[in-house]
Amino acid sequence: MEQSSRNQLIRGQVVDLVAGRIFPGSIEVVDGRINAVNHSDSAPDQYIVPGLVDAHIHIESSMLPPSEFARLASAHGTVATVSDPHEIANVMGVEGIRFMIENGGKVPLKFYFGAPSCVPATGFETAGASLPADAITRLLQQPEISFLSEMMNYPGVIAGDDEVMKKIRLAQQHHKPVDGHAPGLRGEAAAAYAQAGITTDHECITIEEARGKIALGMHILIREGSAAKNFAALAPLITEHPASCMFCSDDLHPDDLVRGHINLLVSRAIKLGYDPVAVLRCASLNPVRHYKLDVGMLQPGDAADFLLVDNLHDFHIHSTWINGIMVAEHGRSLIPRCHPLPINRFGTSAKSPTDFRVPAAGSTIRVIDAAENQLVTGSAIATARIADHAVVADTDRDLLKIAVVNRYRDATPATAFIRGFGLQRGAIASSVAHDSHNIIAVGTSDEQICRAVNLLIAEQGGISATCADESMLVPLPIAGLMSDQDGYQLAQHYADINRFVRQLGGPMQAPFMTLSFMALLVIPSLKLSDQGLFDGETFSFTSLFIAEADTHAAAT
């Protein structure tokens, strides 16, 4: 990439987040670093702004490898990410983490990867790999690993589990921060979690919860992704606790990434009247300081990582620069494509419709209540629809069948029922199913679920939708999580399959993103793993069928 010369003088309104001021001036760039910052009486109207940082993201959720993610994200002003390779680690272990580091190293965007702390996330599901404490030790010794990724096993932290605490101590010994994941944790439990050395949390959905965690010394990551959208609830923290907030997306699907990234949160916050310097500190300075990132803040000696934007209200990005090189201009990436060789782990064979049959063992069932834009699910009770001695879907009541198929070896699929997806016909399936990434499917009949699942087994990963004789498929050959396509083409294909699903009667705008979290056991309340129906409140398996006496008790 030779879009810039070695020495440059760029004039504009300099946004100095360290000093908290904006002034007319210029920056001198020499060999990719800021040589000097100059004041002047006047300067062009363009603003020179430090580059944006996503403080917590799973790159895999974009369905793109890091090199392709960089092409799309840099066009929106992103210069760095704090990335948890937890998804590919659950499939491929250390080999998957190595893939992410090596592929990310082929492009200018600065990827800071963590050591996944919870692989597998729980002992109640089948994953493709395991990362015990000795593996975490080796990872933390690598300079490419910047932190211990989100500690999802908050019950283990609170209980002082030996393996969990050993991982936290290892990170502390290597002077690397420990990321948190503690949805709904309050009071003494939250205090015990923070005191164990957890430094961040991105799971707050109410401002009261966030304020409580900040009072315990934690930093709050204000999340706005494709599934979980918490910005509206947490935005007042920008004013209340400006040094304790960062912006993140967590999970961002390709069609959303094409439209924007952290820049959208910056523009949204400024238009709501929040101080631009405070907003940009959340988007840049705060994560750089917390994670000790080598990302420039427009200070002499810093890496020349910055944006040129038209104004701080609309925040239209003219160009993005990393290490003094222009990597994007007017919404177009200048980073050339890489073509990574796929790696994968897939060991199951084709299924038959009878594999998804649920023999009737009662007339009352537990039902997963799903809602778009929320990772949390509800737990409901419903009267089963029974046909031919089996419980079947009931589209009139939006009671659909959900199944999780072990992708790593042949095993009997786990089945349950769910509402919220609203399909009137057909089925959808995905090999992106947090956190173990088995195959997950929702559908209106065993036959359609089986078709959707078998499409993925034949391709060894992807997302699919079926209806009668029609079907759509987006292959994900890299670990069953990521595509090897051009990112913009993938975004279009992803949008197309979402539209196809809406034609099946589903009301969700992003059904596959919501589907991917229905096996996420560490988020309450009711979820499904490949081993069975799981109660996130008691952190234990539960039965699909409810005895009549239990139904009575629940009703009262």
Side-chain angles (χ1 to χ4, degrees), residues 63 87 90-91 125-128 344-359 368 370 390-393 395 399-418 421 423-483 493-494 497-498 500-501 504 506 508 511-520 527-533 544:
M63 300 184 176
E87 314 305 343
N90 267 283
V91 179
E125 56 197 312
T126 303
N344 207 347
R345 184 165 290 157
F346 231 93
T348 193
S349 55
K351 306 305 173 190
S352 66
T354 57
D355 291 326
F356 301 95
R357 187 175 186 271
V358 178
I368 300 169
V391 183
V392 297
T395 56
L399 289 180
L400 304 180
K401 184 172 283 187
I402 181 171
V404 176
V405 179
N406 186 321
R407 71 130 95 172
Y408 303 103
R409 57 179 173 81
D410 282 321
T412 302
T415 50
F417 289 83
I418 191 167
F421 280 83
L423 300 179
Q424 294 299 302
R425 53 194 180 278
I428 61 175
S430 173
S431 60
V432 179
H434 305 284
D435 277 318
S436 294
H437 301 294
N438 290 296
I439 300 171
I440 190 166
V442 166
T444 58
S445 72
D446 295 345
E447 290 73 20
Q448 289 298 320
I449 289 174
C450 186
R451 278 191 66 211
V453 166
N454 283 341
L455 283 171
L456 302 189
I457 292 173
E459 286 288 335
Q460 301 220 315
I463 59 174
S464 65
T466 65
C467 178
D469 294 330
E470 289 185 85
S471 65
M472 284 193 71
L473 171 71
V474 177
L476 299 174
I478 303 174
L481 302 174
M482 294 171 281
S483 172
H493 294 161
Y494 183 74
I497 197 170
N498 277 332
F500 180 78
V501 175
L504 305 182
M508 292 183 178
F512 289 99
M513 178 57 90
T514 302
L515 178 66
S516 71
F517 289 103
M518 294 303 100
L520 184 55
K527 298 288 170 65
L528 183 69
S529 87
D530 68 295
Q531 298 179 24
L533 197 60
L544 171 64

Would you compute the distance between atom [atom1] of [X] and atom [atom2] of [Y] and round it to the nearest 0.5 angstrom?
| X | Y | atom1 | atom2 | result |
| --- | --- | --- | --- | --- |
| C450 | I457 | SG | CD1 | 8.0 Å |
| I428 | I449 | CD1 | CD1 | 10.0 Å |
| T354 | E447 | OG1 | CD | 9.5 Å |
| L533 | F417 | CG | CZ | 11.0 Å |
| H434 | L515 | NE2 | CG | 10.0 Å |
| F500 | S464 | CZ | OG | 10.0 Å |

Requested in this report: Report the C-alpha separation of V91 and R407 in whole Å, then their side-chain angles, then the decisive distance to 0.1 Å, and conclude whether the side chain to side chain contact (heavy atoms under 4.5 Å, CB included) test is met.
Outcome: CA-CA 10 Å; V91 179; R407 71 130 95 172; 3.3 Å; yes

Report task. Could you label the plane-to-plane angle of the Y494 and F512 rings as parallel, tilted or perpendicular, counting under 30° as parallel and over 60° as perpendicular? Result -> tilted

Side-chain heavy atoms of [X] within contact of [Y], under 4.5 Å:
| X | Y | result |
| --- | --- | --- |
| V405 | F356 | yes |
| T395 | L400 | yes |
| T514 | M518 | yes |
| M63 | I463 | yes |
| V392 | S445 | no |
| N406 | T348 | no |
| L456 | L473 | yes |
| L544 | T415 | no |

Strictly distance-based, threshold 3.5 Å: is any side-chain N or O of [X] a donor or acceptor partner for the main-chain N or O of [Y]?
| X | Y | result |
| --- | --- | --- |
| N438 | T126 | yes |
| N90 | E87 | no |
| S529 | Q531 | yes |

Non-hydrogen atoms of [X] and [Y] that approach each other most closely:
| X | Y | value |
| --- | --- | --- |
| G480 | S431 | O-OG, 2.7 Å |
| C467 | L504 | CB-CD2, 3.4 Å |
| I440 | A433 | CG2-CB, 3.7 Å |
| E459 | P475 | OE1-CB, 3.9 Å |
| A414 | G532 | CB-N, 3.8 Å |

**Report entry** Residues S436, D530; criterion side chain to side chain contact (heavy atoms under 4.5 Å, CB included); working and verdict
**Finding:** CA-CA 9 Å; S436 294; D530 68 295; 5.8 Å; no

Query raised in the report: Could you walk me through whether D435 and L520 pass the side chain to side chain contact (heavy atoms under 4.5 Å, CB included) check?
Result: CA-CA 6 Å; D435 277 318; L520 184 55; 3.0 Å; yes

Requested in this report: Run through K351, R451, R357, K401 and flag the one making a side-chain hydrogen bond (donor to acceptor under 3.5 Å, both in side chains) with D446.
Outcome: K401

Query - F346 and I439: CA distance, side-chain angles, deciding distance, side chain to side chain contact (heavy atoms under 4.5 Å, CB included) verdict - result: CA-CA 10 Å; F346 231 93; I439 300 171; 3.9 Å; yes

Query raised in the report: If you count the non-hydrogen atoms of other residues, nucleotides and ligands that lie under 6.0 Å from CD in Q424, is the total more than 12?
Result: yes

